[in-house]
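Here the structure is a predicted model, which is why all the values come from computation and not from measurement.
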Amino acid sequence: MRKSPSIGLLVLFLLTFCPLSVSSFDEPLYDFTAYTECKAETERPLYDGGILKEESEIGDSASSGVYSPAFILHNLNPAGTIYSFSSWVKIEGAKSALITASLKTENKTYECIATVLAKEGCWSFLKGGFVLDSPSNLSILYFQNSDDKDLNIVVASSSLQPFSDQQWRNNQQYIINTKRKRAVTIHVSNKQGERLQGAAISIEQIAKDFPFGSAIAKTILGNLPYQNWFAKRFNAAVFENELKWYATEPEQGKVNYTIADQMLEFIRANQIIARGHNIFWEDPKYTPPWVLNLTGPALQSAVNSRIQSLMSKYRGEFIHWDVSNEMLHFDFYEQRLGPNATLHFFETAHQSDPLSTLFMNDFNVVETGSDVNSTVDNYIARLRELKRGGVYMDGIGLEGHFRKPNPPLMRAILDKLATLGLPIWLTEVDISSTFDKHTQAIYLEQVLREGFSHPFVNGIMLWTALHPNGCYEMCLTNNNLHNLPAGDVVDKLVKEWNTGEVGGQSDEHGSYSFFGFLGEYKVSVKYGNRTASSTFSLCQGEETRHVSIQM
């Protein structure tokens, strides 16, 4: 279970350092609490039930016209209101079942606002939400069994909490101020220890702690303008296709890492970190054709050679490896090699590069609740299965190929995943090309703000490698590196999430304080005809970081 940050701590930060005053923040604070274990008794409802405790009543199939149970909701408005929903769910008549919560208004049905894999005999926690497109005088929030089993659904300790758009933004800013930033005080003195008032202090952030990056392809090689454009914005990268098995060994025994090596030279030259994507891909469509013809010992030998070749070649080069990509949707290797094939992949990869974090990576985990293969509970169950098998240093990779985002559902899914205490990354973020470029930009900003402001997200990668014929789904620029609307969003957020340059004069205590994003800093001080400079790291912590400069 995770709980929300201390209200006292949040208020202290805001009072001391943040331009957003406490008086401008309207209650409530978002509650990050989530549970993934089935419990004998329910916990208290979040927000003490929110508007459910006063404005709704439980109906049944006769009164609501849908599956029982159902909440009858009156006067949900205005449009744009963000609703966070949670409930405890228990089933009778089956050992387990996927339960989906949906909302029906006069004008629209929101098919999946939350899911939970409920179990018989204990209570499971469902968490999600929705954003209203238009006001609703009468709505029905109902629960369904996705498996069409004949069973009874029981709910308890339910909660529905509305947030205005501004309240939601304020909550995001609270987390950014406490999770992504920290207070710093620079102390200036002479060699005798006397405090120096009036010293001119200049501070510049020279590196960011939070990894924010994008996919790159071989198209970046030899393209200096593209390289400069990329390095100016991003501190992390992932190769789009160049490390995949079909790219490095298109014919059996003919392994070629030339392109990947050249891309790594660009990475190293610009002090960028890189994710390894991927060792195996469970989708047969992206498996080398010659591998599809192998079975038994021949296939086992081929996969062993693949891991050993790749991991020994790049030991220590990549911070992560997506070991067996999209295993919630496909199972080529387990079908051919047995149920322990994936476990073997993780074990061998860990032995080959023990300091690299090994990730599960899949789609439709955080984008939607409607994909039964990759619900948050399915993802968690598979992770725990790997953990029981002895997998080490695993991480949570969420691709993030979004259509229209549902911010409260996205946040709720992250809340549940955070209970596992593992690194969480958004690994392949983009917005569907079915939307126009301006709409893509609007939705992209929603996703990026949700990711950056969630306290347990450790990094964000876009899936926007540039090709002459475009990008996978969404480009940031045209071929002349002129920003598209999505690129403007990225540039805006890169600037917003960076301290940049700050400065001033030391006070009567010889001190100057500021509030900065986590990362590396350079500080320069001038006092009379004397100058001094230093560097310091700003890591996460609740206490003020103190830096002393001697003139």
Can a donor-acceptor pair be found between the side chains of [X] and [Y] at a distance below 3.5 Å?
X	Y	answer
Arg403	Thr368	no
Asn256	Thr258	yes
Glu282	Ser324	yes

According to ring pair (Phe, Tyr, Trp, His ring centres under 6.0 Å), who are the partners of [X], at least two apart in sequence or on a separate chain?
X	answer
His350	Tyr392
Trp281	Tyr286
His277	Trp463

Original post:
Which disulfide bond (SG atoms under 2.5 Å apart) pairs, counting each pair once, include a residue from residues 302-361, with sequence neighbours left out?
Top reply: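 Not a single pair qualifies under disulfide bond (SG atoms under 2.5 Å apart).
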
Original post:
Can you name the side-chain contact (heavy atoms from CB on, under 4.5 Å) partners of Gln540, sequence neighbours left out?
Top reply: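 Per chain and number, Gln540 pairs via side-chain contact (heavy atoms from CB on, under 4.5 Å) with Lys179, Leu518.
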
The criterion is salt bridge (Lys or Arg N to Asp or Glu O under 4.0 Å); which residues satisfy it with [X], sequence neighbours excluded?
X	value
Lys254	Glu251
Glu450	Arg411
Glu334	Arg382
Asp362	none

May I ask you to check whether [Y] and [X] place their ring centres under 6.0 Å from each other?
X	Y	value
Phe85	Phe130	no
Tyr110	Tyr83	no
Phe280	Trp245	yes

Original post:
For Asp430, what residues pass the side-chain hydrogen bond (donor to acceptor under 3.5 Å, both in side chains) criterion, not counting sequence neighbours?
Top reply: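 Testing Asp430 for side-chain hydrogen bond (donor to acceptor under 3.5 Å, both in side chains), a comparison that skips the adjacent residues, returns His401.
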
Subject >> Sequence neighbours excluded - side-chain hydrogen bond (donor to acceptor under 3.5 Å, both in side chains) pairs with any residue from residues 224-238 >> reply: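 Applying side-chain hydrogen bond (donor to acceptor under 3.5 Å, both in side chains) to every pair that reaches into residues 224-238, excluding sequence neighbours, yields Arg233-Asp491.
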
**OP:** Give me the one residue out of Asp283, Val291, Leu337 that meets side chain to side chain contact (heavy atoms under 4.5 Å, CB included) with Phe332.
**Re:**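 Testing each of Asp283, Val291, Leu337 against Phe332, the sole residue satisfying side chain to side chain contact (heavy atoms under 4.5 Å, CB included) is Val291.
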
Enumerate donor-acceptor pairs with a distance under 3.5 Å from any side-chain N or O in residues 208-219 to protein atoms, sequence neighbours excluded.
unit_1	atom_1	unit_2	atom_2	d
Ser214	OG	Thr464	OG1	2.7
Thr219	OG1	Leu466	O	2.5

